[in-house]
Novice: 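Below you will find the structure I want to go over with you.
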Amino acid sequence: MSAVSNFAPSCCGGGRSVSFSGTAAAAESKFRPNMALIPRPFENDKFLVSRFALRQSSRATKDLTVRMAIVDERLARRGNVGKTSEILAYDLIQGELVRWSSIMDRSFPDSPTAVFLHGILGSRKNWGTFARRLAKEFPTWQFLLVDLRCHGDSASIKKRGPHTVASTALDVLKLVGQLRMTPRVLVGHSFGGKVALSMVEQAAKPLARPVKVWSLDATPGKLRSGGDGEDHPEELIAFLSTLPKEVSSKRDIVNALIQQGFSKDVAQWVVTNLRTNGSPGSSSSSFSWVFDLKGIAEMYQSYEETNLWKIVEDVPRGVHVNFLKAERSLHRWALEDLQRIHAAEEIAAEEGAGVEMHVLEDAGHWVQADNPDGLFRILSSSFKGIKT
C-alpha cells in the first residue's frame, strides 16, 4: 500500500518529496512518477509513503465543466478538467495492487476510487487510520482523503465565498477532475455527508457508472444539533473565535473548553487543529490554529440550512444513497427523517436507483472513533464485487 500527499506541511521533517506546479496537463508531459525513485517506509515493508504537490492554475471560467468529472470519463480523458481551481490538500491512500502511475497516465485502466470527507472542524487525518485499513483489505482500491476548504492544510489555499455546502462540494468535484478520477464511492461524515450528496446533485445525470454515497450521521434536511449534554458546534465555533490565533499550551485550551461545558473528547479533538510554530523539538514552541474559523462559521450555517431531500427522494439512476445513523446520536434524527428515508427506499428501488438506512450500534456521532469495527463491516459492502 502507498500513501500519496499533495501537501507537505513545514512541521513535518524527513522523507523525500516530489513537487511540481502548473496545470495537470503540463505536469504530465514533464513528470512521470516512478515509485522506485521516491519511496519512504511507513509502518512496515509493505507500506510506502510518497508525497507530491499538484497545483492548478488560477485561470477563471464561468462554465464549470468539472461538474461532469465525477461521472463522465470522456471529460477525464480530455486532460486538464476544471481549469479554474487551486487544488485542495489531500492524501491518496492506495492498495498494493493499484497502478500508482495511472493517476498521470491514462493508458492504464482506472483503479476504483473512494472519496472520504470530514466534518466541521475536522481534517483529512480523521480518516487516515480507517482508510489504510480499507486499503489493506481491498488492495485494488485507492482512497482520496480531502481537507475541505477552510480546514487543515486547505485553509492556506484561499477560496472565494460564499462558504457553503454547495461550494465545498464543487471544490471536491474540481479536485477529482484535476486528478482525472471517477469515484465509485463517496463517504462523508456529518457536514461531509451533505457535501457528498451535493456532489451528486451538481454532477451530470444519468451517471456514467454506479456511485455509492454514504452520509454518516447526517440527515439531508434541517439540522437538529445537540440536546442536553451534547456539544453544540455553533457554540464551539463561537467560543473558539474568542481565543487568540497563537497559543502557548494545548492543555490550557483543553481546560478552557471543558470549563465552558464542552466534553473532554471534543476538547482533545479540537486541539488537533493546532500546529507547532518554530522548529521541531524547540522547548519554547507555541501553537497556531490551522483553520479559517470565519469561513467555517459560514459553512456551518450553510450546513444547518441546506436542504438536499430532493436528491434523496428523486435519486438519479445509478446512484445508491446510504444513510448511517449512530445508535447513541438520536438527537440528530427525527421520526419524520426516518419515515422519509424509508419511503425514499421504496421509490428508488422501483426506479433503478437506491436508498438505504443503516444503524451503527454502540456509537455516538464520532462514528469512526466510537465503533471503527462496526463501521468497517458496514462500509465494506461498497468495495466488494467491483470489477477493476
Side-chain angles (χ1 to χ4, degrees), residues 1-5 42-44 46-49 90-98 111-119 122-148 172 181 183-197 199 210-219 265-266 268-269 272 319-330 332-333 341 354-388:
M1 179 178 68
S2 65
V4 179
S5 174
F42 185 85
E43 293 185 359
N44 61 42
K46 291 185 178 180
F47 298 161
L48 298 175
V49 178
Y90 68 89
D91 290 332
L92 183 62
I93 310 296
Q94 299 180 310
E96 288 185 341
L97 301 183
V98 174
S111 299
T113 301
V115 179
F116 280 76
L117 308 170
H118 60 79
S123 76
R124 69 190 192 275
K125 302 302 183 185
N126 297 158
W127 286 112
T129 299
F130 194 85
R132 286 191 290 272
R133 182 178 176 184
L134 283 170
K136 187 174 181 180
E137 182 71 18
F138 304 101
T140 61
W141 280 78
Q142 58 187 7
F143 303 88
L144 183 66
L145 319 183
V146 181
D147 275 348
L148 300 177
V172 183
M181 294 176 176
R184 308 282 192 93
V185 177
L186 306 174
V187 181
H189 174 243
S190 195
F191 175 86
K194 275 193 175 179
V195 172
L197 290 173
M199 288 175 67
V211 174
K212 296 184 178 180
V213 182
W214 287 86
S215 179
L216 306 182
D217 213 35
T219 66
D265 287 343
V266 166
Q268 292 176 333
W269 164 69
T272 62
V319 176
H320 192 109
V321 178
N322 297 271
F323 291 96
L324 183 139
K325 180 173 79 70
E327 183 181 37
R328 299 200 306 268
S329 192
L330 300 177
R332 299 174 188 277
W333 298 84
I341 289 173
V355 176
E356 192 171 353
M357 187 76 201
H358 309 260
V359 176
L360 180 61
E361 298 179 352
D362 193 27
H365 182 60
W366 311 105
V367 290
Q368 68 267 48
D370 290 346
N371 187 357
D373 292 340
L375 182 63
F376 186 87
R377 286 193 295 271
I378 291 173
L379 291 186
S380 290
S381 62
S382 292
F383 307 106
K384 296 175 180 178
I386 299 290
K387 294 181 179 180
T388 59

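Residues take their numbers from the sequence shown, with the count starting at 1. Every heavy atom of this structure was used, including side-chain atoms; hydrogens, water molecules and symmetry mates were not.
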Novice: Taking the side chain as every heavy atom from C-beta outward, state whether K325 and T219 have any pair of such atoms under 4.5 Å apart.
Specialist: no
Novice: Would M181 and L92 count as a side-chain contact (heavy atoms from CB on, under 4.5 Å) if you check the C-alpha gap in whole Å, the side-chain angles of each, and the deciding distance to 0.1 Å?
Specialist: CA-CA 12 Å; M181 294 176 176; L92 183 62; 3.7 Å; yes
Novice: I need the minimum non-hydrogen distance between I93 and A135, along with the two atoms involved.
Specialist: CG2-CB, 3.9 Å
Novice: Are any non-hydrogen side-chain atoms of V172 and L148 less than 4.5 angstrom apart?
Specialist: yes
Novice: Can you find a heavy atom in the side chain of L324 that is under 4.5 Å from one in the side chain of L379?
Specialist: no
Novice: Should F323 and L197 count as side-chain neighbours, where that means a heavy-atom distance under 4.5 Å?
Specialist: yes
Novice: Give me the atom names and distance for the closest heavy-atom approach of P183 to V211.
Specialist: O-CG2, 3.7 Å
Novice: Closest heavy-atom contact between S190 and A218?
Specialist: O-CB, 3.3 Å
Novice: Within a strict 4.5 Å, meaning less than it, do heavy atoms of the F383 and L134 side chains meet?
Specialist: yes
Novice: What residues, two or more places apart in sequence or in another chain, satisfy ring-ring contact (aromatic ring centres under 6.0 Å, His included) together with W127?
Specialist: F116, F130
Novice: Among residues at least two apart in sequence or on other chains, which ones pass ring-ring contact (aromatic ring centres under 6.0 Å, His included) with H189?
Specialist: H365, W366
Novice: Roughly how far, to the nearest 0.5 Å, is the CD atom of Q94 from the CH2 atom of W141?
Specialist: 13.5 Å
Novice: Can you tell me how far CG of D373 sits from CD of Q368, rounded to the nearest 0.5 angstrom?
Specialist: 13.0 Å
Novice: Rounded to the nearest 0.5 Å, what separation is found between the CG atom of L360 and the CG atom of D370?
Specialist: 8.0 Å
Novice: Would you compute the distance between atom CG of L186 and atom OG1 of T113 and round it to the nearest 0.5 angstrom?
Specialist: 10.5 Å
Novice: State, to 0.1 Å, how close V98 and S111 come at their nearest heavy-atom pair, and which atoms those are.
Specialist: CG1-OG, 3.3 Å
Novice: Compare all side-chain heavy atoms of L117 with those of M199 and state whether any distance is below 4.5 angstrom.
Specialist: yes
Novice: Mind telling me whether W214 and H358 have parallel, tilted or perpendicular rings, with 30° and 60° as the class edges?
Specialist: tilted
Novice: Which heavy-atom pair separates G364 from A326 by the least distance, and what is that distance?
Specialist: O-CB, 3.0 Å
Novice: Any salt bridge linking R328 with D217? Criterion: basic side-chain nitrogen under 4.0 Å from a carboxylate oxygen.
Specialist: no
Novice: In sequence, state the C-alpha distance, the side-chain angles, and the governing distance for N322 and E356, and then conclude on side-chain contact (heavy atoms from CB on, under 4.5 Å).
Specialist: CA-CA 5 Å; N322 297 271; E356 192 171 353; 3.7 Å; yes
Novice: With sequence neighbours excluded, tell me which residues meet side chain to side chain contact (heavy atoms under 4.5 Å, CB included) with S380.
Specialist: F138, F376, K384
Novice: Carefully, step by step, assess K125 and D147 under the rule salt bridge (charged side-chain N to carboxylate O under 4.0 Å, His left out).
Specialist: CA-CA 8 Å; K125 302 302 183 185; D147 275 348; over 6 Å; no
